[in-house]
Amino acid sequence: MNEYQLAALRTAAPKDKFNELFHLLLGLVGETGEIAEKAKKIVRDKGSDFSQWDVEDLAKELGDTLWYVAVIADHFDIPLDDVAQLNIAKLADRQQRAVLGGSGDNR
């Protein structure tokens, strides 16, 4: 994950560029919105048959989303590997306590 983050940063603007964090956050929301929009069209036009999703296109959109996550993490000096490991540990803890379902970060 850290190698990916370093590679992603080669195409990122400098951290100190005016409004760069705001730009990154809007980019992340935009990319996730593109994924949601494509899912909506599968629901609307293809009877929710997600086997018809263009998986290559989905992989590209997920990659764009990952790029933004990697660069935002770096903006706060957080290694992407740490983000991934913390998330897996959080989910494993929830699974162990049988609270994967539900809502809220602190369950």
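Worth saying up front: this structure is predicted, and the values here are computed from it rather than measured.
Applying the side-chain hydrogen bond (donor to acceptor under 3.5 Å, both in side chains) rule to D54 yields no partners; only residues at least two apart in sequence or on another chain are considered. Applying the ring-ring contact (aromatic ring centres under 6.0 Å, His included) rule to F50 yields the partners W53; only residues at least two apart in sequence or on another chain are considered.
Taken from NZ in K46 to NZ in K41, the straight-line distance is 10.5 Å, to the nearest 0.5 Å. We find the CG-CG distance between D74 and L9 to be 4.0 Å, quoted to the nearest 0.5 Å. Here the CG-CG distance, from L86 to D81, works out to 9.5 Å after rounding to the nearest 0.5 Å.
Shown are V69, L80, I78, V83; of these, the side chain to side chain contact (heavy atoms under 4.5 Å, CB included) with Q5 is made only by L80.
Side chain to side chain, Q96 and D93 fail the donor-acceptor criterion of an N or O pair below 3.5 Å.
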Next item on the list: Apply the test side-chain hydrogen bond (donor to acceptor under 3.5 Å, both in side chains) to residues D82 and Q85: give CA-CA distance (whole Å), side-chain angles for both, the deciding distance (0.1 Å), then the verdict.
Entry: CA-CA 5 Å; D82 289 2; Q85 288 182 22; 5.6 Å; no
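The shortest heavy-atom contact between P14 and E20 is O-CG, 3.7 Å. Taking each heavy atom of A84 and M1 in turn, the nearest pair found is CB-CG, 4.2 Å. Looking at every heavy atom in both residues, L25 comes nearest to I72 through CD2-CD1, 3.8 Å. Looking at every heavy atom in both residues, G63 comes nearest to Y4 through O-OH, 3.6 Å. Pairing each heavy atom of F76 with each of L21, the nearest pair is CZ-CD2, 3.6 Å.
Ion pairing between a basic and an acidic side chain is recognised when a charged N comes within 4.0 Å of a carboxylate O; K38 and E61 show such pairing.
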Show the atom names and distances, to 0.1 Å, of all donor-acceptor pairs under 3.5 Å that link a side chain in residues 26-37 to residues at least two apart or in another chain.
unit_1: T32; atom_1: OG1; unit_2: L28; atom_2: O; d: 3.1
unit_1: T32; atom_1: OG1; unit_2: V29; atom_2: O; d: 3.0
unit_1: E37; atom_1: OE2; unit_2: K40; atom_2: NZ; d: 2.8

